[in-house]
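Structure first, commentary second.
Just so it is clear: chains get the letters A, B, ... in the order the sequence lines come, proteins before strands, and each one is counted from 1.
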There are 2 protein chains.
Amino acid sequence: MNDACIKSDKDASNIRMRQIRETAVSEVIESERETRLSADGLIRLLEDDILNSVLKPGDRLDEQSLARRFEVSRTPVREALRHLASSGLIDIRKNQGATVKRLTTAELIEMFQVMAEYEGLSARLSARRMTTAEIAEMRNWNEECRVRADKEDHDGFYAANNMFHEAIFHGSRNEFLQEESRKLRNRLNAYRRHITTQPRRMQKSVIEHGRIADAIVAGDEDTAHSLMRQHVDLLAGTAADVLLALESETTE
Amino acid sequence: MNDACIKSDKDASNIRMRQIRETAVSEVIESERETRLSADGLIRLLEDDILNSVLKPGDRLDEQSLARRFEVSRTPVREALRHLASSGLIDIRKNQGATVKRLTTAELIEMFQVMAEYEGLSARLSARRMTTAEIAEMRNWNEECRVRADKEDHDGFYAANNMFHEAIFHGSRNEFLQEESRKLRNRLNAYRRHITTQPRRMQKSVIEHGRIADAIVAGDEDTAHSLMRQHVDLLAGTAADVLLALESETTE
DNA sequence: CTTTTTTGATTTGCATACAACATTAGTCGG
DNA sequence: CCGACTAATGTTGTATGCAAATCAAAAAAG
């Protein structure tokens, strides 16, 4: 019934769906929980808080406060923090506690470049391996993107866009790739929303998605790879500007 | 003087050099250590043991034994294990302890595909950014590869080959990429040696290296990317056979 | 003799206590 | 009034103790 292993971050496959639907989940008061959760559970909760920007970059994570809040001792809290640290979501500095990691523009650009490669590879593999059912699903999500884009529904587009990309990752049949990209996306999450809300971006994305889908269906892996990389890289390019602007503000 | 942070696995940049030179380091008797090391140090030591195959896939990591061996309590040991778990080197199953992660062939192939993309991206970025000094170094390492290959010196080739690839990662000027590839290489390390010792492989590698270097010097990023991916993918391809063979043995 | 159950030993998970370090506030000297 | 040093406070790092879970071996039933 439990089996809440740690393995290497596996599980958590449907996290993104949850993100989309609930957006700000953890309004559930902790005291209402039935079972006293442990380190494994804490990881999930803290991760959610960071992903949903309840905890913002730079925020301090005080062991004692967290222990009180979750009604456990500091030991499991510390272990959860350690985990988050090595997955890159927080920084732990010796004797100085943990803070939500704040990324510099340079780091973000670097990470987006790697993300673009993940996506490119997933498109390449999908061009080889995707089933007809999966292709249909991918197309459906892009159709959803189009609908949302026409309505100027940024949040809806954001969600549908995620599902489109997710569909391609799934089609790649490479679980390791999916897992690594999930982790990276989590790390970028706090900065990601600022980007897709660019003026003409949504319409362009829908068109690019279409071309990528075509290449995948045609089984043209090089084209699929290349188009997808450029698609994501473009986002990264425009992202750089946005982010440089953000950097001047006090993120606080 | 200390500053042995955890951040996100940073530091440890020269680990690979150390690997090459020392190969089986930890013959240093633990009791001869001056300062009682702590969690951060443990991580490094255990990592080294796994990387140098002192600890083999499937081996159990007993908290108490480790605590005794390193002369600390179980607490820092547990935290170190947690860290290794989330960096993917070991598995922790609830109430069942930690074991060195054993990878299936399928997982290895998936990981090699991602590694190939890392390398491809690093070649692409190097084609844009490498300085003349770095180019010279890259060429030198391939020359070293040639010398070692002619002598049928597998270990020497292995080291020089690593340095060639390392040089290209360095030239990419993308620290995040370097870091991620370092982590992945660590995870693959235990299985990697079996691969480069294929019959004609060394000579072929030297030639492929040459072509990659040419593309980088010419600033042809697409070609550099593509050649490098194929170069590494090839290794993965031949690797698959070797690994399938290995799988039948009892790795024990 | 095989299969199942139960009991004991071992190991992990969590809580608490203590020690080391960092930060801050306060005091003293300039 | 300002800066440097010292003391007090709080937070993190480690050690140890205890409870719960797992695993192994012995005993009982078939």
Can you tell me how far C1' of C:dC14 sits from CD of A:Glu63, to the nearest Å? 14 Å
Could you check if a side-chain atom of B:Met115 sits within less than 4.5 angstrom of a side-chain atom of B:Ser181, using non-hydrogen atoms only? yes
Presence of B:Gln64 side-chain N/O under 4.0 Å of C:dT11 phosphate oxygens OP1/OP2: yes
Rounded to the nearest angstrom, tell me the gap between atom NZ in B:Lys94 and atom P in C:dT12. 14 Å
For the side chain of B:Asn95, counting heavy atoms from C-beta on, which of C:dA15, C:dC21, D:dA21 is nearest? D:dA21
Would you kindly say whether B:Asp233 and B:Gln113 are connected by a side-chain donor-acceptor distance under 3.5 Å? no
Counterpart residues, side-chain hydrogen bond (donor to acceptor under 3.5 Å, both in side chains), relative to B:Gln178 (two or more places apart): none
Roughly how many Å is it from CG in B:Asp62 to C1' in C:dG13, rounded to a whole number? 14 Å
Between A:Arg185 and A:Glu166, does any NZ, NE, NH1 or NH2 come within less than 4.0 Å of an OD or OE carboxylate oxygen? yes
In whole angstrom, give the distance that lies between atom CZ of B:Arg78 and atom P of C:dA15. 11 Å
Taking only N and O in the side chain of B:Gln96, is any of them less than 4.0 Å away from OP1 or OP2 of C:dT12? no
Could you check whether A:Arg173 pairs with A:Glu134 (Lys NZ or Arg NE/NH1/NH2 to Asp/Glu carboxylate O, under 4.0 Å)? yes
In whole angstroms, the gap separating C1' of C:dA15 from CG of A:Leu42 amounts to 14 Å
In whole angstroms, how far is the P atom of D:dT14 from the CZ atom of B:Phe70? 14 Å
Judged by atom type as modelled, is there a donor-acceptor pair below 3.5 Å linking the side chain of A:Asn52 to the main-chain atoms of A:Val54? no
Where do N or O atoms of nucleotides 16-19 of chain D meet protein N or O atoms at under 3.5 Å, pair by pair?
residue: D:dT16; atom: O4; partner: B:Thr75; partner atom: OG1; Å: 3.4

How many whole angstroms separate atom CZ of B:Arg68 from atom C1' of D:dA15? 16 Å
Taking side chain as C-beta onward, heavy atoms only, is B:Arg82 less than 4.5 Å from A:Ile43? yes
Send over the distance from B:Arg82 CZ to D:dG13 P, rounded to a whole Å. 16 Å
With a 4.0 Å cutoff (strictly under), does any side-chain N or O of B:Arg93 reach OP1 or OP2 of D:dA21? no
Find which nucleotide of DNA chain C each of B:Arg60 and A:Glu79 is nearest to by heavy atoms, and output the residue with the more 5' nucleotide. B:Arg60
